[in-house]
Amino acid sequence: MITAESGPTPTEGGECRLEELLIDRIAGLLEGCRHVAVGVSSPIPGSAALLARHLSGGATRVSVLGSRHLQSFTDGGVEIFDLAAQGRIDAFFLSGGQIDGSGNINLVGVGEYPTQKVRWSGSFGSAYLYYLVPRVILFRLEHSRRTMVEKVDFISAPGTSDRNVFRPGGPHALITNLCLFTFDRDVQRFRLQSIHPGHTLEEVRDNTGFDFEVPSGFGPVPATPAPDASCLALIRGEIASAIADPYPKFAAEVLGHTAAA
Amino acid sequence: MITAESGPTPTEGGECRLEELLIDRIAGLLEGCRHVAVGVSSPIPGSAALLARHLSGGATRVSVLGSRHLQSFTDGGVEIFDLAAQGRIDAFFLSGGQIDGSGNINLVGVGEYPTQKVRWSGSFGSAYLYYLVPRVILFRLEHSRRTMVEKVDFISAPGTSDRNVFRPGGPHALITNLCLFTFDRDVQRFRLQSIHPGHTLEEVRDNTGFDFEVPSGFGPVPATPAPDASCLALIRGEIASAIADPYPKFAAEVLGHTAAA
Amino acid sequence: MTIDLIIDVDSLAARVPDGAKIALVKTTGGVPMDLVRALIRREVRGLHVVCVPTGGLAVDLLIGAGCVETLETSGVTLDEFGQAPAFGRAVRAGSLRLLDATCPAVYAGLQAGEKGLPFMPLRGLLGSDIAAHRADWKVIDNPFGDDDPIACLPAIVPDFSLLHARQADGHGNLYVGDTREVLLMAHAARKTLATAERISDGNLLEDDAMRAGVIPNVYVSGLAEAEGGSRPLGIPGGYVVDGEHLTLYAEMARDEDGFGEYLDRFVFGRKAAAE
Amino acid sequence: MTIDLIIDVDSLAARVPDGAKIALVKTTGGVPMDLVRALIRREVRGLHVVCVPTGGLAVDLLIGAGCVETLETSGVTLDEFGQAPAFGRAVRAGSLRLLDATCPAVYAGLQAGEKGLPFMPLRGLLGSDIAAHRADWKVIDNPFGDDDPIACLPAIVPDFSLLHARQADGHGNLYVGDTREVLLMAHAARKTLATAERISDGNLLEDDAMRAGVIPNVYVSGLAEAEGGSRPLGIPGGYVVDGEHLTLYAEMARDEDGFGEYLDRFVFGRKAAAE
């Protein structure tokens, strides 16, 4: 469900890769969760969830779809959806070919539906999980006016709903290759939380098709903190080793995991 | 679901037991069924279904609840109900502590609900299967004014429904220790079809609390035919052997099955 | 997590508060008799018992011992051993709040619970006295039909599903094989407390052949080892029902004195002997 | 019964008429690729394909070969091998009737089919363009709520569920382990046509360990042995996806000519080679 378009973009003098910064930051967003589920093709969110589990001392359960060992479903594909509706899943990750300022996501395509000029895979579980999982983290590694749009062409799942719609869940944060937004459900807008090292507010503005809140009165928008040395070691060691089950290529090429480790 | 109160009542000079007559007759009622399901505690209906299967050359599938080898459900207790609603089960057996002339059955108790002076087990699947299985055969071995009543005290499942109620199923026949009725859905009444050897119309009338149709103009009500010698041999041989899986005691004591056979 | 999960049967029973809504499976597939006896010993009161979808010895014992306020069931029976005597007495005395159901209605309610749905539709039911006495069921017009009434049943969400598994592992995974109604129960309930014939090493989910029959530990919040924990009932793949004991129970429980004697001997006495 | 059941793959394909509604499971668990290739060879037309709940190579091939009129799916993708090229072309050309869904909506529709229900309610959906384009879905007011709109989805009843099992027996029972969505598909469909890696002696239902993972033959109306029948996709407990082949497909299928070449080589050619 997540299209990971991660490249080898090192930050801060090569100390820490973008992926590692994201893993650390997303793990922070998952603090206090009892159960985090991660969709297919999501190595960075998967690594972040495993890091959150480690930091919780094992209190956070992690289910990684598509992995045999990192999930325990025995009732077929429907079980994750049933768990979500029961409130047994606290966090999930979604992405979008387009994401707009109201938190709407589009996984279907560009142009007028149904004969769209660009057609993506489809909505998968988004039109359900986005309503039911309290902390949905939007994750997209291409932050551009093509992806961050004023209004999506097709609403796979809306960011907000009418008051009478049963909706315990929704967008919690949006993290990209440039910055971290949180979503304010009251004003139904994103708020810029931090900008990744090496990037600027102007760059974020230039590449974002929607308006967003910028916290004012406390100086410049803070930089997204990089993981400290012990956390980095953890990511490159234990986490890399665990995520190598579903994502051996990612673990090796991005986190430097060797099979022998 | 079926309360079998079978006793050793031989008919016609001891040639054929009542149970054998019933097995043969019920098998006749099952002709042409693709799939017959039999509830728990139902040795006579179970034997009849197995006989029908044999006579169909294997075309009739039989599922005997409570038997491991004579059913193939792998989705838990709900599967039989799902199959019934899909139209995949053609015949089933129900009974009643009370049965009335409209085909209503009562499996709950006598007196005013809920604090009834006589309380039976409960309705089990009747309030569902009676609506959905085309040929429901009511089976009760105590034919008396206590069981065959004018109006049941509690409707576990009604014999008929309003026109707008989804109801492909319903009563097909009622077979007792005295006689065989069929149910006429148009007039919503039972019609006496045959009287078991050794019993009379007067006896049936005396022991039945509801009015029923008696075919007129073609002489006396026919006697329920007894199985012929080859059918009897089949019942005492192959069928006894098969029904011994869920009902060893019945197979031995009633059908004379010996484990060695 | 793993360490807290595994306790003894009496500690499991202590986790079920008075007034809890508990689910118990039908006689043939995983009734936690040891745990039921422990509940009676701890004198739990005011239970709402959901029978999945019918009840037998366990339910009759709980009723007779005064533990049950509400009974939701499609039937209570000792099968070939006769009617359930304590149940019958309680009905006559009017001491039970009865929610009579039909088997697929119990499954449908649990499925709604499993799916976090407010309700499930179900065919049948209309015009029965079962439906007439269930104010909690509603009839709507099928939105895809034309003058087609259909019943809707609210979700059943037990506070606790109580069950006995033929095997468990140290992670709290339970092997129940093809008795899927037990899995459904565990899915639907807020928490599942289980006993198991044995707690084995390793991880049942890693066994490719067994995995399809496993309740994963995400649903399980307490587990105790209890060899023979379903006796005198049976457990698939294990032992069969003890007919002599059931016959004895059916006889003893015919009146209240006999029922009390049975409790002394087989419920309280069992505990005393173990101490 | 048993004898008629077991035939070869092309005979299975011959049983699927033009215009049939067929269900195919997602890439990871039992796609009958041999049967899909046989369907393309027999030039089936006008299929309504229900993806359970998503599609991949099989669906892309059927679309590209002109077999599909209606596509009901929550997604079509070649996963790490990229977008599904024939699907994309067909969408742009407007040659597909699209029923875009979301995964749990497909499961809910199949569950309604499995249960002989006219519909199932489902949370989520409201206010999405998915729901806006599904005239076959309806919104009702939750009869147990107060101003609580909830979607109701009609039953999905495929004419045929087509699947590949890792094992089968001579009675037509299929072993699918814990890939329960395949069992759901088989339950929901009018008929199931299956291929299996191998057809073994004995009866899978008699094997206590395997039974929980068996689709019983009551649902199965045709079976063919097809070793490697899911290739180049994988089958749990068997082989894994052939990444090189998928990469090749993704490249060749980028334009219509290349797609045609792929068919010649791997669909029609395969048959020719076998003759």
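The figures here come from the full heavy-atom set of this structure, side chains too, leaving out hydrogens, waters and symmetry mates. Reminder, nothing fancy here: chain letters follow the sequence lines and each chain counts from 1.
Between chain B and the options C:Ala108, C:Ser74, C:Pro236, C:Gly145, the largest number of non-hydrogen pairs under 4.5 Å is found for C:Ser74. Per-residue heavy-atom pair counts under 4.5 Å with chain B were compared for C:Leu126, C:Val182, C:Thr77, and the maximum is reached by C:Leu126. Listed options C:Val106, C:Asp178, C:Val91, C:Thr54 were ranked by heavy-atom pairs under 4.5 angstrom with chain B; first place goes to C:Val91. Contacts with chain C were tallied for B:Asp162, B:Val165, B:Val152, B:Asp75; B:Asp75 has the most, counting heavy-atom pairs under 4.5 Å. When each of C:Gly55, C:Gly127, C:Gly94 is scored by its heavy-atom pairs under 4.5 Å with chain B, the top score falls to C:Gly127. Interface summary for chain B: among C:Thr179, C:Leu122, C:Thr73, C:Leu184, the most heavy-atom pairs under 4.5 angstrom belong to C:Leu122.
Among pairs with a residue in residues 125-151 of chain C, those fulfilling salt bridge (Lys or Arg N to Asp or Glu O under 4.0 Å) read C:Glu72-C:Arg134, C:Arg123-C:Asp148, C:Arg134-C:Asp136, at least two apart in sequence or across chains. Applying the salt bridge (Lys or Arg N to Asp or Glu O under 4.0 Å) test to pairs two or more places apart or on separate chains, those with a residue in residues 98-116 of chain C are A:Asp82-C:Lys115, B:Arg119-C:Asp100.
Within the 4.5 angstrom heavy-atom criterion, only side-chain atoms of B:Arg68, from C-beta onward, approach chain C. In this structure, the portions of C:Pro104 lying under 4.5 Å from any heavy atom of chain B include both its backbone and its side chain. Of the atoms belonging to B:Tyr130, not a single heavy atom falls under 4.5 Å from chain C. Interface residue C:Gln83: only side-chain heavy atoms are found under 4.5 Å from chain B. With a 4.5 Å cut-off on non-hydrogen atoms, C:Ala101 touches chain B through its backbone but not through its side chain.
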Checklist entry - Hey, mind stepping through B:Glu142 and B:Thr147 against side-chain hydrogen bond (donor to acceptor under 3.5 Å, both in side chains) and telling me if it holds? => result CA-CA 7 Å; B:Glu142 180 194 337; B:Thr147 57; 4.8 Å; no
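A salt bridge links B:Asp90 with B:Arg34; the closest basic N to acidic carboxylate O contact falls under 4.0 Å.
In the model, C:Asp60 has a side-chain atom that pairs as donor or acceptor with a side-chain atom of C:Tyr249 under 3.5 Å.
Ring geometry, B:Phe190 versus B:Phe181: the interplanar angle falls from 30° to 60°, so the pair is classed tilted.
Within a 6.0 Å radius of NZ in B:Lys117, other residues, nucleotides and ligands contribute 12 heavy atoms or fewer.
Under the 6.0 Å cut-off for aromatic ring centres, B:Tyr113 and B:Phe154 qualify, their centroids lying closer than that.
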